Asker: 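One structure is given below, represented as structure tokens, and several questions about it will come after.
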Amino acid sequence: MYNHQAIEKKWRERWVKEKLYQTGTDPKKPKYYILDMFPYPSGAGLHVGHPKGYIATDILARLRLMQGYNVLHPMGFDAFGLPAENYALANKVHPRTATEHNVATYKKQLEILGFSYDWEREVNTTDPEYYKWTQWIFLEMFKKGLAYESNEPINWCPSCRTGLANEDLENGHCERCGSEVIQKPLRQWVLKITDYAERLLNDLEKLEGWEESIKEMQRNWIGKSEGAEIDFKIIGTDKTIRVYTTRVDTIFGCTYVVLAPENDLVLELKEKITNWNEVEKYQVAVANKTNLQRTDLNKDKTGVELQGLKAINPFNRAEVKIFVADYVLNSYGTGAVMAVPAHDERDFAFAQKYKLEIKPVVFQADGELKTGEASCEDGVLKDSEEFSGLSSEEAREKMTKWLAKKKLGASKINYKLKDWVFSRQRYWGEPIPLIHCAQCGVVAVPEKDLPVRLPEVESYEPTGTGESPLAAITDWVNVKCPKCGGGAKRETNTMPQWAGSSWYYLRYINPKNTKVLVDKKLEKYWSPVDFYVGGAEHATRHLIYARFWHKFLYDIGVVNYDEPFTKLKHVGLIMGEDGRKMSKRWGNVINPDEMVEKFGADAMRVYEMFMGPFEQATSWSTNGLIGARKFLEKVTVAFEMEKVKEDKKIVSMLHKTIKKVGEDIENFRLNTAVSAMMILLNEITDYLNTNQAWPLSKKEQGALLQIIAPFAPHLAEELWEKLGNKESIFKSTWPVYDKKLIKDETINLVVQINGKLRATLNVTADITEAEALTLAQENEIVKKWLDGQEIIKKIFVPGKLLNIVFK
RNA sequence: GCCGCGGUGGCGGAACUGGUAGACGCGCUGGACUUAAAAUCCAGUUGUAGCGAUACAGUGCGGGUUCGAUUCCCGCCCGCGGCACCA
């Protein structure tokens, strides 16, 4: 049993003393920027799932270090946010105090796992010298017109008493606290991310190093759709209903139009609506529904006809009824649709319920038409006047042109992506650096006055009226207008947690320099991030926001690349031993500190990599961890042997393993890398036991330690030193495998008969087909199978197999 | 419903661009050591039949392509993740 506690402590101290992991700056060397998503330092501390990603990046970082790269492998903390504030509320301590405490705990926990972070570059989003630049970026956006105030109804969490972006919702519930979100009109700052929608979508194509699943989620989230807006005149008024559709081709089947109940047009038509009472009652009923009721109860469609009004289908002059119904969303498209029940499921359900006409106009090539349901596929148009006979695709193009010519509509692209609600009515966030002046309007805080620091407050309690607690601090709020010098008030909203994490990867490049956001020269060298690793839960928020900010910074000339992360992998969850998500509720939470103390950081590292494919979720098994420890134990025992008696076969195996481990780390296939090392160790141990000597020379023993080192850095250092090396193993050069040695002299040639394995022959690797056939035919089993058969075909795969086919 | 990913022993998982299915680890069984247990070491471990060599079946299900399919194609079933009245 090796003493992991003593060894690990010894080497951690030595690494710090020697500044081993200080970021390399030799300009002649290539660079590698490898980054983990930085954690939010919660009060609960790290759980075993956290380190999985960190271990993997650490292994790759250490490989790159040994391959002679300048490696940038930093860590920091995303420390603004609600939990610290709520904790502060409950315990009457400043959120900063709670945050500092948690950061210290996290650092300690990260330290004992032996990561090669350059802590001199640590960032913390709550540091005023950091958030100065978060504020600066916001101001640049403000100056470019990308930040605007909006009084539109926003998602409001009554429990957190704060506004939320669409991305922060989960089935109409607050993602953070789970309470039901309501719509509340409130003055908010909003960022025009939709201006970047097209680029955010298109540039996904360039990101070859990203997993398809995450790119797909982003595509979904951006939700581009191409269609047309069409005007329906309302008879007897000067008003028109503008609808949005992606299926102009079905317009001859339009039998009514629908407005969202909140559509302003409804109120404008009040005088002409003969059943206004009924309509108004419906509007109120819908307004009282929560988001959840509106979206989740998608079974029964409801609505009310606007009696006394008809609209005109611009294509065939048909008069159609007008409805309000809450299956139409005011926030998407124009808040109005043309209903084609024959070719849209929702319209079909509504038409059935209210006994409205269903008129099919698009047919499949075979003339078939489904009955009892809407047929939504493209087809060939009928009963569509001059457009009859066209395919849906042709029709869409021609009809859109027709609309444009007649000035009755135009083609239009819509996105599901909404502008980003960027303000929070909270204390523990970056103050939005704006000043409201009665004379000058909204004025940016001058750059020289940044950062706008968070003031000390008595109470963190949100006011509940929609104002941030900052609003109560009058001597902070009241300022002079930077423009006119008159009395003015500070903006009291703060930024969402996503703000600080939208650019932190740039800060690591020059964390000590507070004069600029990012040093251009250093940025040119280090950007973009070569490899980025983190949880899939950030696929549609953090990763879209960061891409958005990065593109903006690119546009204003701050950065050289228009995508921040070249390669991205997401880390699979570690589940409890019972296969369920780790949670206090199930009592299946594993504490990493305890595991490290008992079995060592090296064992923990090896085990978490060995568990399964990196991206996949797998269940924890403490027995598995013990298995990893046993492997390290074998390594230790082997290095107690001094005598050497080289063995060709095992030397060859070592070289194969060097090749495999190197390639597997590159491809993040860390489970098979560990397995390959275990196989090699098993061979070595067998040899040691029978021969009482090492099958490898001292130098080869060193190479073995070098490939183990990224996985189990402490133990590798210890044994490396024992081999007589004076310098750290991470200052050594990654071993190069000998191509000649990985070639096998003999192979097991598989002999199949009619595709079934019947024998394996141990033969020289370069055996020819003729030789193989002769040998095979001498084999007793093969002989038996071939007896009396007429061979019609032979397939020979050199170095692999011979397949003999008869009859 | 739509999109993405996946389904292999008792369990986690391996198998390169179609070429020995089950590597490696866990667990289990038997044995050695021990007064005993733990630890360690050795042997076995997909199922069925057989003392055995061996044979047959076998990678969610049903088809297909191929000398040969976990891998490719078609049609299903199930699980996970995301989105969801987005017109």
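Since the model is a prediction, treat every value here as computed from it, not as a measurement. All values below were derived from every heavy atom in this structure, side-chain atoms included, with hydrogens, water molecules and symmetry-related copies excluded. Chain A is the first sequence line, chain B the second, and so forth, proteins listed ahead of strands; every chain is numbered from 1.
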Asker: Syn or anti for B:G58, please, going by whether the chi angle lies within 90° of 0.
Answerer: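 Here B:G58 takes the anti form, which means its glycosidic angle is more than 90° from 0.
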
Asker: Return one dot-bracket line describing RNA chain B 5' to 3' (Watson-Crick or G-U wobble pairs, both distances under 3.5 Å; ( ) same strand, [ ] crossing, | another strand, . none).
Answerer: (((((((..(((......[....)))((((((.......))))))((((....))))..(((((..]....))))))))))))....

Asker: What contact category does A:Val337 fall into here, base, sugar-phosphate, or nothing, at under 4.0 angstrom with non-hydrogen atoms?
Answerer: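 Answer is base: heavy atoms of A:Val337 come under 4.0 Å of a base.
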
Asker: For a quick test of reading the model: is some side-chain N or O of A:Arg219 closer than 4.0 Å to OP1 or OP2 of B:G4?
Answerer: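 Answer no for this pair, as no side-chain N or O of A:Arg219 is under 4.0 Å from OP1 or OP2.
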
Asker: Starting the side chain at C-beta, find the nucleotide from B:C26, B:C83, B:U20 nearest to A:Asn748.
Answerer: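 Ranking B:C26, B:C83, B:U20 by closest atom to the A:Asn748 side chain puts B:U20 first.
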
Asker: Expressed as a whole number of Å, how far does the P atom of B:G4 sit from that of B:C73?
Answerer: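 About 14 Å, rounded to a whole number of Å.
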
Asker: If we ignore angles and hydrogens, is there a donor and acceptor under 3.5 Å between the side chains of A:Asp419 and A:Thr194?
Answerer: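 Per modelled atom types, A:Asp419 and A:Thr194 side chains form a pair under 3.5 Å.
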
Asker: Please measure how far the C1' atom in B:U70 lies from the corresponding atom in B:A23, and state the result in whole Å.
Answerer: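 15 Å, rounded to whole Å.
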
Asker: Determine the interatomic distance between C1' on B:U66 and the same-named atom on B:C74; round to the nearest Å.
Answerer: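 Their C1' atoms lie roughly 16 Å apart.
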
Asker: Look at A:Lys215 together with A:Glu208 and state whether they make a salt bridge at an N to O cut-off of under 4.0 Å.
Answerer: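 No salt bridge links A:Lys215 with A:Glu208.
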
Asker: Does the distance from a Lys or Arg side-chain N to an Asp or Glu carboxylate O, for A:Arg541 and A:Glu175, drop under 4.0 Å?
Answerer: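 Result for this pair is yes, salt bridge flagged.
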
Asker: Distance check, P atoms only: B:A69 and B:A57, in whole angstrom units.
Answerer: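 It comes out at 12 Å once rounded to the nearest Å.
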
Asker: Answer yes or no: side-chain N or O of A:Lys301 and base N or O of B:C85 forming a donor-acceptor pair under 3.5 Å.
Answerer: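 By the distance-only test, yes, there is a pair.
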
Asker: Select base, sugar-phosphate, or nothing to describe what A:Gly333 touches, counting heavy atoms under 4.0 Å on all strands.
Answerer: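 No contact at all - A:Gly333 keeps every heavy atom at 4.0 Å or more from the nucleic acid.
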
Asker: Look at all strands and tell whether A:Asn682 reaches a base, only sugar-phosphate, or nothing, counting heavy atoms closer than 4.0 Å.
Answerer: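 Sugar-phosphate only.
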
Asker: Is the phosphate of B:A57, meaning OP1 or OP2, less than 4.0 Å from a side-chain N or O of A:Lys756?
Answerer: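 Yes, because at least one side-chain N or O of A:Lys756 sits under 4.0 Å from OP1 or OP2 of B:A57.
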
Asker: On a plain distance test, is the side chain of A:Glu216 in donor-acceptor contact with the base of B:G82 below 3.5 Å?
Answerer: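 Check fails, no donor-acceptor contact within cut-off.
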
Asker: Which nucleotide in the list B:G82, B:G4, B:C56 gets nearest to the side chain of A:Met217?
Answerer: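 Closest nucleotide among those given: B:G82.
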
Asker: What contact category does A:Ile679 fall into here, base, sugar-phosphate, or nothing, at under 4.0 angstrom with non-hydrogen atoms?
Answerer: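 Contact class for A:Ile679: sugar-phosphate only.
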
Asker: Within the distance-only criterion (no hydrogens, no angle test), does the side chain of A:Glu211 pair as donor or acceptor with the backbone N or O of A:His570 below 3.5 angstrom?
Answerer: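 A pair under 3.5 Å: yes.
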
Asker: Going by atom types only, do A:Trp620 and A:Asn588 share a side-chain donor-acceptor pair under 3.5 Å?
Answerer: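 Short answer, no.
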
Asker: Respond yes when some side-chain nitrogen or oxygen of A:Trp785 is under 4.0 Å from OP1 or OP2 of B:A55, and no when none is.
Answerer: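 So the side-chain polar atoms of A:Trp785 do come within 4.0 Å of the phosphate oxygens OP1 or OP2 of B:A55, strictly under.
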
Asker: Which listed nucleotide (B:G19, B:C41, B:A55) is nearest to the side chain of A:Ile781?
Answerer: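 Nearest nucleotide to the side chain: B:A55.
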
Asker: Ignoring backbone atoms, test whether A:Tyr607 places a side-chain nitrogen or oxygen under 4.0 Å from the OP1 or OP2 oxygen of B:G25.
Answerer: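 Indeed not, no polar side-chain atom of A:Tyr607 lies that close.
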
Asker: I'd like to know if the side chain of A:Asn202 pairs up with that of A:Glu198 as donor and acceptor (distance under 3.5 Å, no hydrogens or angles considered).
Answerer: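 Per modelled atom types, A:Asn202 and A:Glu198 side chains form a pair under 3.5 Å.
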
Asker: I'd like the P distance from B:G75 over to B:C26, given in whole Å.
Answerer: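 Rounded to whole Å, the distance is 43 Å.
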
Asker: Using atom P of each nucleotide, how far apart are B:G60 and B:A14 to the nearest Å?
Answerer: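 After rounding to an integer number of Å, I get 14 Å for this pair.
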
Asker: Does the protein touch nucleotides 8-16 of chain B at the base, only the backbone, or not at all? Give it as B, S and - per nucleotide, heavy atoms under 4.0 Å.
Answerer: ----BSSSB

Asker: Give a yes/no on whether any side-chain N or O of A:Asn623 is located under 4.0 angstrom from OP1 or OP2 of B:G27.
Answerer: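 Result: yes.
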
Asker: Consider the side chain of A:Val750, meaning its heavy atoms from C-beta on, and name the nucleotide among B:A87, B:G25, B:U20 that approaches it most closely.
Answerer: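 The nucleotide sitting nearest to the side chain is B:U20.
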
Asker: Among B:A55, B:C85, B:G4, which nucleotide sits nearest the side chain of A:Ser213?
Answerer: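 Given the options B:A55, B:C85, B:G4, the side chain of A:Ser213 is closest to B:G4.
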
Asker: Side chains of A:Trp420 and A:Glu167 only: does a donor on one sit below 3.5 Å from an acceptor on the other?
Answerer: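 There is no such pair between these side chains.
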
Asker: Check the distance between B:G25's P and A:Met677's CE and give it to me in whole angstrom.
Answerer: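 Computing the A:Met677:CE to B:G25:P distance gives 13 Å.
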
Asker: Assert yes or no for the condition that the ring centre distance of A:Tyr354 to A:Tyr256 is strictly below 6.0 Å.
Answerer: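 A:Tyr354 vs A:Tyr256: aromatic centres not under 6.0 Å.
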
Asker: Starting the side chain at C-beta, find the nucleotide from B:C42, B:C3, B:A87 nearest to A:Asp344.
Answerer: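 Looking only at side-chain atoms, A:Asp344 lies closest to B:A87.
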
Asker: When you get a sec, tell me which of B:G19, B:A21, B:C24 is the closest nucleotide to the side chain of A:Met678?
Answerer: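 The listed nucleotide nearest to A:Met678's side chain is B:C24.
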
Asker: For residues 615-639 of chain A, which residue pairs qualify under salt bridge (charged side-chain N to carboxylate O under 4.0 Å, His left out), counting only residues two or more places apart or in two chains?
Answerer: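 Non-adjacent pairs meeting salt bridge (charged side-chain N to carboxylate O under 4.0 Å, His left out): A:Lys569-A:Glu615, A:Arg629-A:Glu633.
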
Asker: Hey, are A:Glu393 and A:Arg396 close enough for a salt bridge, meaning a charged N less than 4.0 Å from a carboxylate O?
Answerer: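 Salt bridge absent between A:Glu393 and A:Arg396.
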
Asker: Which one, B:G82, B:C85, B:A87, comes nearest to the side chain of A:Thr246?
Answerer: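 Nearest nucleotide to the side chain: B:A87.
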
Asker: Between the side chains of A:Asn748 and A:Thr760, is a donor N or O closer than 3.5 angstrom to an acceptor N or O?
Answerer: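 A:Thr760 and A:Asn748 do not have a side-chain donor-acceptor pair below 3.5 Å.
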
